[in-house]
Number of protein chains: 2
Amino acid sequence: MDTLETRELRYFVTVAEELHFSRAADRLGIAQPPLSRAIQQLERRLGVTLLDRNRRGVSLTAAGQVLLDEARVLLDGAAAAARRTQRAAAGSGRLTLVTKAGAGHELLQTLLDAHAGPIDVVLCRMGEQARMLRDGRADVALMQRPFDALAGFDTEDLLTEQQVAILPAAHPLAARRTLSMADIRDVPGLPLARWPGPDGSYEPGPGPEVHEQSQLAQLIALGHTMAVLCASSRSWLWSAHAAVPLTDAWDVTTVLAWPAHSRNPAVADLVRTASTTFTA
Amino acid sequence: MDTLETRELRYFVTVAEELHFSRAADRLGIAQPPLSRAIQQLERRLGVTLLDRNRRGVSLTAAGQVLLDEARVLLDGAAAAARRTQRAAAGSGRLTLVTKAGAGHELLQTLLDAHAGPIDVVLCRMGEQARMLRDGRADVALMQRPFDALAGFDTEDLLTEQQVAILPAAHPLAARRTLSMADIRDVPGLPLARWPGPDGSYEPGPGPEVHEQSQLAQLIALGHTMAVLCASSRSWLWSAHAAVPLTDAWDVTTVLAWPAHSRNPAVADLVRTASTTFTA
DNA sequence: CGCTGTCATACCGTGGCGGTATCACCGGAG
DNA sequence: CTCCGGTGATACCGCCACGGTATGACAGCG
């Protein structure tokens with residue numbers, strides 16, 4: 001009675017996105033009638049109306065919206081499963097770790113030194129780690145709580161640290177011993193840089209949009225922006241930068257993250273190594 | 001090049017479980033030759049050898065083991081998606097919350113009072129919540145950290161409490177004001193009750209195996225066992241029971257949990273209600 | 001009242017799935 | 001060594017289901 005076929009899910013997602021059978025069929029590379037039939041068959045099998053075909057267009061029912069969300073997750077999962085299987089066949093026993101370029105450099109070094117097996121390290125842009133874990137291109141990631149979206153992952157805490165404000169060295173605030181969040185909010189001519197959110201888009205605001213550490217470093221050195229980062233970011237500062245501790249910012253915990261259902265023995269091994277290395 | 005069909009995954013999982021094509025075909029209700037062909041086709045499509053067909057049986061390659069894990073998750077996910085869609089169509093806007101029978105009774109009452117919409121409450125046996133969330137029979141669950149396996153779920157902390165030892169009132173230890181874990185480990189004639197683990201099996205040990213609060217209550221009243229539970233369990237104690245605070249046991253946090261990718265608006269609503277109710 | 005654009009229906013051909021029969025291969029019993 | 005039982009692979013065939021084309025039903029619109 002159930003058994004959703006991935007072909008049907010692919011078809012349904014496309015129709016739900018286009019809200020138009022002909023365009024969806026076009027995107028799928030098939031004709032419209034078989035698509036209509038496939039959706040009808042899916043609805044009949046589930047015993048649920050997924051789409052309202054009114055005059056003036058197609059719209060999702062509540063159940064259709066639920067299935068759309070579920071189907072997207074399933075299709076992504078299927079693609080990820082294929083990739084993970086292929087990676088497992090190719091690099092037997094190798095592990096791919098993904099981290100933001102420049103973040104937690106010493107920590108990563110320590111981790112790699114402590115771990116016995118071979119690890120491929122992939123550096124990615126901010127917030128890309130989750131996607132790479134989810135789509136099967138990586139096995140584990142270094143991520144930061146509370147910044148990164150950790151939903152759907154298992155995690156092991158590695159290191160908790162305070163945050164610091166990174167400023168142009170020439171700016172008056174750079175001389176302070178400590179700062180509070182209130183001090184750095186709305187500094188004239190020195191807006192906070194903006195990172196992409198979980199969906200890759202930016203919140204509106206006055207600061208420049210950045211997605212790489214090097215971008216940020218340059219913009220700060222030029223005196224165009226400032227940023228709030230964890231204390232270990234000091235390792236990549238330039239002489240034109242200054243780091244001032246923040247007294248009232250949230251602590252940042254760097255965590256090792258992996259897909260919740262992963263039973264990859266190499267991942268388990270790395271996690272064990274990490275937990276003994278960093279809790280001791 | 002990818003696009004794993006669920007039919008193929010179903011076939012592969014069965015073969016991987018049986019490690020025997022004919023038996024697997026039998027379980028699937030098809031003949032052996034089409035099954036062999038389907039697996040070959042899957043291997044060709046992925047470009048990966050999933051099974052070693054040696055004389056003396058079939059065995060999984062490393063890549064095959066990876067795909068087996070992934071495929072199980074995907075198939076479970078597909079079944080869950082179907083159920084969630086059907087539930088969404090049937091009880092429009094209703095929410096199903098699952099909790100252990102007897103656990104966190106007052107907390108649940110408070111939550112239900114605070115929430116506006118209709119909620120179906122399902123009581124289940126210990127550790128069943130995760131399964132019901134995963135397979136789509138429930139939308140949200142009350143679970144306890146660190147007892148329950150929360151991997152793959154999003155959670156919102158509701159209440160943290162100390163643990164207490166629940167003893168037969170007649171036992172000498174019941175007179176104590178407080179106890180430590182050392183005091184109650186290896187008490188002659190009063191072993192700790194054992195719960196099922198995440199996989200439903202029991203660790204070996206001297207105490208009786210229990211999976212329901214009522215079972216436990218009776219066994220304690222009879223003087224056959226004792227248990228360590230969170231402080232709010234006091235609400236269901238009998239007169240034949242005594243609760244003694246434990247000084248050095250882990251705190252227990254009751255959390256609201258839901259599938260990580262859920263975008264069910266009713267769930268989001270309940271979570272918002274819960275977080276304002278319990279953090280204020 | 002046609003014209004256009006939508007999704008549904010009718011019908012048809014083909015490819016893929018599943019079935020049966022058989023092969024190739026190996027281990028074990030004699 | 002030979003035969004037998006049992007394995008998975010191969011060969012071949014029939015049928016269903018998927019996809020294509022043609023057309024229908026129906027609403028909006030000039």
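Below, chain A is the first sequence line, B the second, and so on; all start at residue 1.
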Integer-rounded Å distance: [N] [atom2] and [X] [atom1]:
X: A:R10; N: D:dC18; atom1: CZ; atom2: P; value: 12 Å
X: A:F21; N: D:dG19; atom1: CZ; atom2: C1'; value: 16 Å
X: B:R44; N: D:dA9; atom1: CZ; atom2: P; value: 12 Å
X: B:D52; N: D:dA9; atom1: CG; atom2: P; value: 12 Å
X: A:Q40; N: C:dT9; atom1: CD; atom2: C1'; value: 9 Å
X: A:D26; N: C:dT6; atom1: CG; atom2: P; value: 11 Å

D:dG6 phosphate, OP1 or OP2: any side-chain N/O from B:S22 under 4.0 angstrom?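 Checking D:dG6 against B:S22, no side-chain N or O comes under 4.0 Å of OP1 or OP2.
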
Between C:dA8 and A:S36, is there an OP1 or OP2 to side-chain N/O distance shorter than 4.0 Å?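 Checking C:dA8 against A:S36, a side-chain N or O does come within under 4.0 Å of OP1 or OP2.
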
Kindly write out the residues that satisfy side chain to side chain donor-acceptor pair (under 3.5 Å) with [X], not counting sequence neighbours, or none if the list is empty.
X: A:R137; result: A:D135
X: A:D69; result: A:Q65, B:R263
X: B:D157; result: B:R145

Result block: side-chain N/O donor-acceptor pairs under 3.5 angstrom for residues 146-156 of chain A, not counting sequence neighbours:
from	atom 1	to	atom 2	distance (Å)
A:D148	OD2	A:K100	NZ	3.4
A:D148	OD2	A:Q144	N	2.7

Whether each nucleotide of nucleotides 10-23 of chain C has a protein heavy atom under 4.0 Å at its base (B), only at its sugar-phosphate (S) or at neither (-) is summarised, 5' to 3', as -B-----BBBBB--

Can you name the residues that form a side-chain contact (heavy atoms from CB on, under 4.5 Å) with A:L74, not counting sequence neighbours?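 With neighbours one apart ignored, the set is A:L9, B:A78, B:A81.
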
Is there a side-chain contact between A:H211 and A:Y202 (heavy atoms, below 4.5 Å)?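 Touching, per the 4.5 Å side-chain cut-off.
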
